[in-house]
Structures are given as C-alpha cells and as structure tokens.
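Note that the structure is a prediction, hence the values are computed from the model and not measured.
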Amino acid sequence: MPNPHSPLNQSGLNRPIPRRSLLMAGGALAALASVMSACGGSDTATAGTTDTTTKPVDGGSLVWAIETALSSANPHVNGQDKSRPVLRNAFDSYIYRAEDGSYEPWLTTLKLSNDGKTVTLKLREGITFSDGEKFDAKAVVKNFDKLTDSKYVTSAQSPLRFVTKYSAAGADTVQFTLARPDNYFLTWLSTVNAAPLSPKSLALSLDELQAGGTKIAGIGPFTISKYTLNTEIVFTKRKDYAWAPASIAKGQKAAHLDQVTYRTLSEGATRTGALQRGQVDIASDIQPLDVETFTSNPRFKYLRSFVSGTPYSLYLNVSKSPFDDLRVRQAFGQGADITAIVQSIYQGTYDRAWAPITQVGPFADTSLKNWLKFDKDAANKLLDQAGWTGRNSSGIRTKGGRTLTVEAATAKDFVRESRDQLNVALGAALKQNVGIDYKYQPVDMGTDTARAAANKYEVFDNSYGMSDPVVSLDLLYYSSDPRRGYIARGRYNDKKLESWIDTGRFTTDLAARKKAYTDLQRYVTRDKYYVIPLTNTQDTFAYNTSKVHNLTIDSASGQAFGAYTVWVSAR
C-alpha cells in the first residue's frame, strides 16, 4: 500500500497543502493573480492585480526560503505538493488549466473527441528542450514509454490507467486512446509531474533519474544549475525561452531573473530571521506567530494563497467500531468547538474549512458553511443512545468493558502547520466535553504504514493540493476500488458515494461534474459524517518590498507559478 503522506507523483499525493489564488474572493476570476509589492502589511489581492507603477527590470538574483526539502529534482518522480511551484521553474506542461476547469494551450493544444476517448495533442512549433533537443512527437512518445515503465514510476498507472494506446500521428501530433473519458488524465497533463523531459535525459540510469538535478533537461524558463538534496536547488535563466501560457506570460518571453535559489530552512523561525536579516528575499510557509512580524513592518509584504484541492480534514474509519455507528461520528464532530480551536491555534491566520473540497475553483460548495455546530448536549445524548454510557476514572466513556478511544493514523515526518497542536487541542476538548479519548500521536513512517495495513486506526488526517479534486476524491479518500482508492483509509465502501466519484472522473460534462461533486460533498459531511473538515490549506509568503516584485500565483492551483514573472530591484 502506498504511503498516504508521501507523494505518488501526481498520480500522487502528499499530505498537507493548499488553496486558492491569494485569498482571491470567490466569483469569476482571471487565470492568475499577480501580487505586487507595495506597502507593508497583509495582501488579499484580487485576480489580475499587476504592478503598473514600475517597469520590470531584467537581471539579478533571488533567494527564496522554503520549508520542505525536495525529495527529488525530477518532476516525474516527485509528487510533493510543495515541490510543484519550485520545479515549475524548469519544467513546462503540455496544457494549462484555468481556474474555471478549462484547458488552454501551452506546449501543445488539446483536442478531445466527442466521446472523450480520443485525446490529441498538437505540439507548438519552435520549442526545444534546454539541452537543445527538439520537442517533437517522438520525444513525447518516449516520455510516455518511460512513464508507463513501473521500474521508473511505480504509481504511473493512476493517471494513465485508462490509456490503452498512444502514438505519434505525424511529427507534431500525439494521439491517445482511452478506454473511457478520464478527467484525471487531463488534469495530470496540466501538471508539472507530467512535464516532458528530453530524450537524452530519459536515457540516464534509473538512479540518476530518481535523483534528478543538473542532468535533467526539461522545457521551462530556467534550467537546474545546482541541486543539493535537502539543502537547495539553483535555477539559471534560459535566455531563448518564449512559450509560457498566455494567461501567465501576458507578452513576456524569457524570465526576468538571471538566477533563483530555493534554500530549505525547515524551521519557521529560521526562515523569518533570514528574511529579516536580508539573507533571503522571499520566505514561504510563514508560521502563525510570525505573521505580525511582517504585517506590522512596511519593509515587508505578507501574502496568503488558498490552495485548491481538499482541505485539511479528519477522515473517520467506518469499517469498525466505534465509527461504524453514525451517532458516534456525529458526536465526534459536534463534541468540540472546532471553530474556536482553529482560531486559538492559528490566531486568525488560517480559515476554518467546512466542505471536503476547498473553496477554489468550479466545485466549491459554499452552502456547507456552518453546517457543523458545536453542541455538547446533543453529542452527549448521541453517545448515550449509542450505548457508551459508562465512565472510567479518567472520565472516558465505556461500553461493554471498552473505552471510547479513537486513534489517528499519521506519520510524524509529515506533521506540519501546527496540525499536531490543533489535534491535541481537539482531543482535550472531546475528552472534557463528551468523554471521547482522541489520541493524536504521530509515529514513524513504517509504523504508520503497517498500522494502516492492519486497520489499526480510527482517524486519518490529510489534505491534498490539486487544481481538480478528481484525484483526491477518487484515489485518495473515497473509492473502495483498490486500484483507484488505494489510500481510502475511511474504508467507506459506499456505492452511492462511488457513483458520484465515477461521474466526477469519467464525464466530460462540467455541469454534471459540478452536480455530482455537490451531492458528494453534502453526503460525506452533513448526511454521513464521513469527514470532518478542519482548516483550509494555504500557502503563505513574505518578501522584501524594496527588492521583490511581481510574484504570480496560479489561480487554478493557488500556488506560486515559480519565479518566472518575478523581477528584482536594488535595495
């Protein structure tokens, strides 16, 4: 069973991450949000915001502090959510996904047959890989030959599962035949994880490919000039680059910066200190306690961007006691004031999540706001009705000699964004209010994987960042088909639920998908209490306003679009 917290390379997942373009208030939004430096403080910029006061300057370098170390510099094998905006600097995708769910041309234009089973990619002329090799149909076919090699990418069967055939249909056209329409495949084509590598790169040894780095040539505004595992990755400008998606480029060709260095500083205080001292120019993943440091200082700009996908949530394992009883699931959700706990832990820097799909993109369901009410009395009555009427000396409810103890399945390597504190506070409230003993005790990866395989857990905590929720809803959380829902730790096995999952994945009708996902979201929350959403996942940034300009957020994913549009001025 794949690790639920490690990336399954875009067939992939990763735990925490995500949402929308710079707090872009809902409604129809443009394809990106460009956030410019101005005065200090917090920014909630709307789509299309641009720096019209100063003309961009070419040249210079940028140092960007990040929290998560890249496990690989090869986009095919690295599915970490946090790696995508970093690797985007050197790897372009076949198509560009807009926020409304449509696809725009990038390296190719996309054509779908009426039945959705034939996907044709028409390659853009004049594009080359950074090592000089030509981007043509033969190169694309070689990429898919590699991506379907289980020795190279073990989870490639997920986005490619329904691809039955692919071939070159001329020098500039590649055609795919699918067993059935598949929105996951289309979404995947728009991600950095499917980005084409040069044929010369694909001929490297498996070990070299797994590591990635300077030997890997892709198509992007920068090339990788240095990569040190767990430490830093350095990108150097590609001067002949001229094919960013039109919605992002807006006439721009090559990148403005000569060099970009992403430096891993895992401690939040270290990132904050480095930015204050001028050792870095941008810092990501600003910790709640450090937000005021930047919002109160006019030298800096603080930004937060909601990431699309699924929010940080608790998935309740319904395959066994006690959560096989709807009343216990309801009591678990109602027995603590989650909104107050989120406010206390994050001090207003994170928003409470209500729906199982984040509030970015075409599938958001705002009607679910406030559906879950804190009601201690109701929760206690539900537990009484469910037979958990006894109490032990610690005040924990008992039934038939068993205590009402529920444990979370989580790996300590992937605990982030104060989520351990959030769960500990939730556990304390549940114990005091209703006598549920909720244990959140992160363990090592091997123990977590073994515990999951043995079904020795009651709660699974996770979030997933992706521009389309098809991946997380189908593969990660809800499908009981082990070939699809291979990390569906809720073990729902609910045919009604899976009919909506199938509609969401296999129909090309956007209206039908919206209805299916709306029905699904309401069913798994207020009807069945399968999932308890906690916080909207987000990316946060702070940067020096005297130097950094034009940071662009991709509105479909809610993550930074690399450093392509960024330019710097002298301090």
Next item on the list: Assign the ring pair Trp64 / Tyr262 to parallel, tilted or perpendicular, where the plane angle (0 to 90°) is split at 30° and 60°.
Entry: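 Trp64 vs Tyr262 ring planes: parallel.
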
What closest approach, in Å, do [X] and [Y] show between heavy atoms, and which atom pair accounts for it?
X	Y	value
Leu426	Ala336	CD1-CB, 3.5 Å
Arg513	Gly504	NE-O, 2.6 Å
Leu87	Leu70	CD2-CD2, 3.8 Å
Pro356	Val531	CB-CG1, 4.2 Å
Ser72	Val77	OG-CG2, 3.3 Å
Ala560	Pro85	O-CB, 3.1 Å

Non-hydrogen side-chain atoms of [X] and [Y] separated by less than 4.5 Å:
X	Y	result
Thr310	Tyr315	yes
Asn455	Asn317	yes
Phe323	Val459	yes
Val163	Leu178	yes
Arg526	Leu372	no
Lys117	Pro181	yes
Gln287	Thr293	no
Tyr438	Leu404	no

Item checked: Listed partners of Asp519 passing side chain to side chain donor-acceptor pair (under 3.5 Å), at least two apart ->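 If we apply the side chain to side chain donor-acceptor pair (under 3.5 Å) test to Asp519, skipping adjacent residues, the hits are Lys515.
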
Under 4.0 Å between a Lys/Arg side-chain N and an Asp/Glu carboxylate O for [X] and [Y]?
X	Y	value
Lys496	Asp527	no
Asp375	Lys373	no
Lys82	Asp539	yes
Asp384	Arg397	yes
Asp437	Lys439	yes
Asp351	Arg304	yes

Measure the [atom1]-[atom2] distance between [X] and [Y] for me, rounded to the nearest 0.5 Å.
X	Y	atom1	atom2	value
Leu497	Asp502	CG	CG	10.0 Å
Thr525	Tyr530	OG1	OH	12.0 Å
Tyr346	Gln421	OH	CD	7.5 Å
Gln343	Ile345	CD	CD1	10.5 Å
Asp365	Ile357	CG	CD1	8.5 Å
Glu67	Leu265	CD	CG	10.5 Å

Give a yes or no on whether the backbone of [Y] and the side-chain of [X] come within a donor-acceptor separation of less than 3.5 Å.
X	Y	result
Thr507	Thr503	no
Thr518	Lys514	yes
Asn380	Asn433	yes
Arg327	Leu382	no
Tyr529	Gly333	no
Gln334	Arg329	no
Arg522	Leu368	no
Thr339	Asp337	no
Thr398	Asn392	no
Asp448	Pro442	no

Next item on the list: Starting from the C-alpha separation in whole Å, work towards a yes-or-no answer on side-chain contact (heavy atoms from CB on, under 4.5 Å) for Thr264 and Asn230.
Entry: CA-CA 7 Å; Thr264 301; Asn230 298 326; over 6 Å; no

Note to self: Would Leu160 and Trp188 count as a side-chain contact (heavy atoms from CB on, under 4.5 Å) here? Give the steps.
What the structure shows: CA-CA 9 Å; Leu160 299 173; Trp188 181 72; 3.5 Å; yes

Checklist line | Worked verdict on Asp554 versus Arg84 for salt bridge (charged side-chain N to carboxylate O under 4.0 Å, His left out) | finding: CA-CA 11 Å; Asp554 177 13; Arg84 293 173 192 149; over 6 Å; no

Exercise: do [X] and [Y] side chains pair donor with acceptor under 3.5 Å:
X	Y	value
Thr447	Asp444	yes
Thr410	Arg419	no
Thr187	Tyr103	yes

Checklist line | Sequence neighbours excluded - salt bridge (Lys or Arg N to Asp or Glu O under 4.0 Å) pairs with any residue from residues 309-321 | finding: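 Matches after skipping sequence neighbours: Lys320-Glu458.
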
Item checked: Pair Arg88-Gln559, side-chain contact (heavy atoms from CB on, under 4.5 Å): steps then yes or no -> CA-CA 10 Å; Arg88 176 57 77 201; Gln559 295 181 310; over 6 Å; no

Next item on the list: For a side-chain hydrogen bond (donor to acceptor under 3.5 Å, both in side chains) with Tyr312, tell me which candidate from Asn536, Asn462, Asp461, Thr535 qualifies.
Entry: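 The side-chain hydrogen bond (donor to acceptor under 3.5 Å, both in side chains) with Tyr312 is passed solely by Asp461 among Asn536, Asn462, Asp461, Thr535.
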
Margin query: I need the single residue from Phe506, Phe185, Tyr184 that forms a ring-ring contact (aromatic ring centres under 6.0 Å, His included) with Phe162. Which is it?
Written below: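 By the ring-ring contact (aromatic ring centres under 6.0 Å, His included) criterion, Phe162 pairs with just one of Phe506, Phe185, Tyr184: Phe506.
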
Check: NZ of Lys399: more than 12 outside heavy atoms within 6.0 angstrom?
Finding: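 Yes - once you tally the heavy atoms of other residues, nucleotides and ligands closer than 6.0 Å, there are more than 12.
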
Next item on the list: Step through the shown structure and confirm whether more than 12 heavy atoms of other residues, nucleotides or ligands are within 6.0 Å of CD on Gln385.
Entry: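 Count over threshold, so yes.
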
Margin query: Evaluate Ser557 against Arg97 for side-chain contact (heavy atoms from CB on, under 4.5 Å), listing each step before the verdict.
Written below: CA-CA 9 Å; Ser557 68; Arg97 181 183 169 95; over 6 Å; no

Note to self: Between Tyr302 and Phe294, is the ring centroid distance below 6.0 Å?
What the structure shows: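 No.
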
